[in-house]
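Read the structure below first, then the notes.
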Amino acid sequence: MSLLMEGFSIVTEMNILLLLAGAVLLGIVAGAMPGISATMGVALLSPLTFTMDPLAGILSLVGVYCGAVYGGSLSAILLGIPGTPGAVATTLDGYAMSRQGKPGVALGIATLSSFLGGVLSAAALMLLSYPIADFALAFGPREYLALAVFALTAMAALSGGSFLKGLFAGFIGLFLAGIGIDETYGVSRYHFGYVLLMGGVSFIPVTIGLFAVPETLLSIERIGRAPRRALRVNRIIPGRSVLASILPAQLRSSVIGTIVGAVPGAGSDVAAIVGYSQGKHMSRRPERFGTGSPEGIACAESANNAATGGSLIPLLTLGIPGGAVTAIMLGTFMTHGLQPGPLLLHNNAPLVYQIFAGVFVANILLLVFGLAGAKLFARVLQIPESILTPGILLLCVLGSYAMRNHPVDVLIMFAAGMVGYVMVKTGIPRAPLIIGLILGPMVEGELARSLIVVGGEWQELFTPISTVIWLLVFAPFVAPLVMKGVRHLKRPYKTT
């Protein structure tokens with residue numbers, strides 16, 4: 001408790017508090033702009049965090065993450081266009097309520113629900129992280145190898161689209177991770193004579209290229225369409241009866257969102273859909289969902305914002321990113337010489353508790369900005385894409401160049417952008433590629449260490465813990481075959 005109180009005292013210092021407030025505000029604006037996702041916002045900001053101290057850099061990304069997930073609800077409610085994938089479910093009732101002349105009340109419900117979901121997930125992050133980390137201390141190279149492979153397959157299975165497409169993207173990331181000098185044996189690979197590539201491909205220009213450049217190209221395709229109409233935002237705070245009626249849905253969806261967010265690869269979009277569907281099934285008035293139901297907005301927003309804290313649980317406890325955003329955060333940790341996992345929680349406890357406190361404060365700032373700035377945000381959404389898009393593209397170039405101050409990173413960014421654009425058009429998920437790039441060195445290193453431990457005996461890779469994880473790894477491959485067999489057995493036999 002003393003470490004937590006000390007963490008709050010440090011986070012509430014003026015310089016950290018202003019930095020976190022700016023990050024949350026930036027995240028809200030980024031999330032509210034259709035096409036600028038939380039991943040894109042975090043990717044653009046991450047190069048700037050390399051010059052900060054570890055706490056300031058990490059909290060900046062946390063602030064943008066929390067703000068962007070909430071910000072997606074603004075355009076969903078006011079324009080009927082989800083600013084982020086997690087706001088798709090919010091659009092169903094939020095935009096309907098807005099068209100009924102109550103956009104302010106819809107924004108108020110979304111803000112309060114987002115705050116409650118974020119705070120409850122932050123509490124779960126604080127309470128569950130150390131028990132999970134204590135269990136993870138029993139892990140060795142064999143267990144970490146299984147965990148890293150599990151993260152890759154989980155991302156491929158849950159990142160949207162087909163499983164094979166996600167797996168294909170993950171293998172591309174693993175190949176890119178192999179460029180450079182092998183850390184185990186010192187062998188140089190796939191650098192094609194370019195000295196800068198001997199140090200490997202940096203995840204920053206690849207991330208910016210994959211997620212930011214395709215969105216700018218898609219926004220260019222939209223330029224010239226009819227301008228967005230402005231909406232007048234009225235009352236913000238809903239009445240007491242509405243607040244009382246949505247509280248059970250908020251609490252239930254916050255728990256669902258935290259659990260779903262902790263599953264590697266799920267993310268806020270999956271959490272919002274699960275929370276919304278469960279809320280509809282358990283509601284006394286399910287027929288109102290999709291017609292402007294306050295309960296529908298509460299379910300979606302509580303769940304998708306609870307996923308932000310939930311996604312940090314596997315990152316901090318096991319060193320496994322739960323999605324594309326936490327994969328970028330993992331890279332930021334490593335840039336500052338920190339390896340997320342059980343040892344981080346025990347060896348850097350003050351920093352970890354400061355992060356816990358930062359997540360709490362970020363959600364409090366989200367509540368303040370959301371309630372106070374609803375009318376202003378409605379105006380910000382009217383910025384033409386013809387002005388916004390060139391600015392984003394300029395940030396992409398600056399962010400990539402700032403990594404090593406070399407044009408090759410800008411070329412890598414544009415090459416990744418072209419690949420990302422093709423992936424968007426063909427329905428191939430991009431997050432597994434980043435996960436493969438980030439976790440590739442971990443997979444290779446843990447495999448080498450595991451083989452050294454077992455003396456080259458492959459069967460010794462399976463310990464009781466690693467066997468359970470390997471079963472989860474192969475579950476996506478085996479489950480369809482099992483279900484097909486079960487359906488075949490249940491099919492009645494034809495008699496002649």
Side-chain angles (χ1 to χ4, degrees), residues 136 138-159 163-191 197 199-203 206-207 210 263-265 314-324 326-335 338-344 429-463 465-477:
F139 284 22
R142 291 171 285 184
E143 288 78 13
Y144 275 113
L145 171 64
L147 263 181
V149 177
F150 171 67
L152 290 173
T153 56
M155 279 298 303
L158 298 173
S159 58
F163 174 77
L164 291 179
K165 287 182 178 180
L167 201 61
F168 172 71
F171 276 116
I172 294 177
L174 287 175
F175 170 75
L176 293 177
I179 296 176
I181 298 178
D182 171 24
E183 295 181 2
T184 306
Y185 300 104
V187 179
S188 59
R189 308 166 298 189
Y190 316 131
H191 55 80
L197 289 181
V201 175
S202 172
F203 78 97
V206 174
T207 301
L210 275 182
V263 176
L315 174 66
L316 292 178
T317 59
L318 303 175
I320 299 297
T326 46
I328 300 170
M329 290 184 182
L330 174 61
T332 301
F333 272 97
M334 292 179 172
T335 301
L338 301 169
Q339 175 63 56
L343 293 180
L344 174 70
R430 292 167 287 174
L433 194 155
I434 295 298
I435 298 298
L437 179 60
I438 293 290
L439 293 182
M442 178 181 178
V443 173
E444 185 178 16
E446 297 298 345
L447 176 60
R449 282 185 283 272
S450 298
L451 291 176
I452 292 174
V453 169
V454 301
E457 299 292 333
W458 287 86
Q459 65 273 16
E460 296 296 326
L461 291 175
F462 299 96
T463 65
I465 297 177
S466 68
T467 300
V468 174
I469 301 174
W470 280 113
L471 290 175
L472 295 175
V473 168
F474 290 105
F477 300 95

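Predicted model, so just to flag it, every value in this text is computed and none were measured. Sequential numbering from 1 along the given sequence is applied to the chain's residues.
Of all the heavy atoms in V206 and L433, the pair that sits closest is CG1-CD2, 4.1 Å. Taking every heavy atom of both residues into account, P441 and A177 meet most closely at CD-CB, 3.8 Å. Heavy-atom minimum distance, L174 versus G440: CD2-CA, 3.6 Å. Here the closest heavy-atom approach between residue R142 and residue S466 is recorded as O-CB, 4.0 Å.
Applying the salt bridge (charged side-chain N to carboxylate O under 4.0 Å, His left out) criterion to E444, with sequence neighbours excluded, gives R189.
R449 contributes no side-chain N or O that, together with a main-chain N or O of L145, makes up a donor-acceptor pair within less than 3.5 Å.
Taken to the nearest 0.5 Å, the CG atom of L461 stands 11.5 Å off from the CD atom of E446.
Here the side chains of L451 and L447 are in contact, with some heavy-atom distance below 4.5 Å.
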